[in-house]
Structures are given as structure tokens and as C-alpha cells.
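The basis for the numbers below is simple: all heavy atoms, side chains too, and nothing from hydrogens, waters or symmetry mates.
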Amino acid sequence: MFGADVAYVHGVQCLAVIDRDAPWDGLLVCTSREHHESLMAEMPTLRPHPVLGKWLYVPQSEAEFESVAAHLTARVLAGDPRIGVEPKPRKPRKRAAPARRVKP
């Protein structure tokens, strides 16, 4: 997804780590907007992602990146209901049409 490594726990998409250019350079927290306020109060370095506003984000450049990532990982493993979203089912890929044979 978006060139990221995504962590799924019990089939739920929880965290995504991305190492690209900003704003795709940090940790995305898969959550819904209803949980933003409480998660940001607990971890003030979190902010809504500038492109995927429904998810929270902490950039790699943040001084507290590692401690926030460790805290979020612990919350996920503890089953924090604020973190995690059901992934959308993937659409089946269309098969390419068979190549036409050209008569010599």
C-alpha cells in the first residue's frame, strides 16, 4: 500500500511505515477521525496525515519518532480499539487480453 510496510494484527490494518519523500516519510496510524483527539492527547507528536486525513501520522524527522512508534506498537499489541481499520477488499485484477496471432 503506497509503497509502505503495513502491520496487520488479527486481520486489521494497524500501522504503516513509509520511507519516501514527505509526507510519505514516517509512521501512519490507521484509525478513524473519532479517535484523533484522544490519540493526539496521549501522543502530542501525532497529527492528521496531510493526504490521508483520516489517519494520524508522525514523520521520521520528529525527535520523538522512535518513542512514539514504540508506544503505538505497544498500544496495538495491547488491543487498543482506537487503532486499526478493516482493510478494503482488493478488486480483482483484469486479465490482459491474449495476444493476437499475426498471419505471415
Compile the donor-acceptor pairs under 3.5 Å between side chains in residues 67-78 and protein atoms, sequence neighbours left out, one pair per line.
residue	atom	partner	partner atom	Å
Ser67	OG	Glu64	O	3.0
His71	NE2	Glu42	OE2	2.6
Thr73	OG1	Ala69	O	2.8
Arg75	NE	Asp80	OD2	3.0
Arg75	NH2	Asp80	OD2	3.4

Look up atom SG in Cys30 and atom CZ in Arg82, then write down how far apart they are to the nearest 0.5 Å.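 Reported value, rounded in 0.5 Å steps: 14.5 Å.
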
Give, for atom CD of Gln13 and atom CD1 of Ile83, the distance between the pair rounded to the nearest 0.5 Å.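 Output value for this atom pair is 13.0 Å.
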
Would you call the rings of His49 and Tyr57 parallel, tilted or perpendicular, where under 30° means parallel and over 60° means perpendicular?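 It falls in the perpendicular class, over 60°.
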
Common cluster, [X]/[Y], ILVMFWY with side-chain heavy-atom separation under 4.5 Å:
| X | Y | value |
| --- | --- | --- |
| Phe65 | Leu56 | yes |
| Val58 | Val85 | no |
| Val29 | Val51 | no |

Using the side chain to side chain contact (heavy atoms under 4.5 Å, CB included) criterion, which residues pair with Asp19? Sequence neighbours excluded.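 By the side chain to side chain contact (heavy atoms under 4.5 Å, CB included) rule, Asp19 matches Gln60.
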
Kindly give the heavy-atom pair with the smallest separation between [X] and [Y], and that separation in Å.
| X | Y | answer |
| --- | --- | --- |
| Pro48 | Met40 | CD-SD, 3.8 Å |
| His35 | Pro81 | NE2-O, 4.2 Å |
| Ile18 | Trp24 | CG2-O, 2.8 Å |
| Trp55 | Thr31 | CD1-O, 3.2 Å |

Close side-chain approach of Leu15 to Val6, heavy-atom, < 4.5 Å: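 They are not in side-chain contact.
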
Please list, chain by chain and in numerical order, all residues satisfying salt bridge (Lys or Arg N to Asp or Glu O under 4.0 Å) with Arg47, sequence neighbours excluded.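 Checked Arg47 against salt bridge (Lys or Arg N to Asp or Glu O under 4.0 Å); matches are Glu62.
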
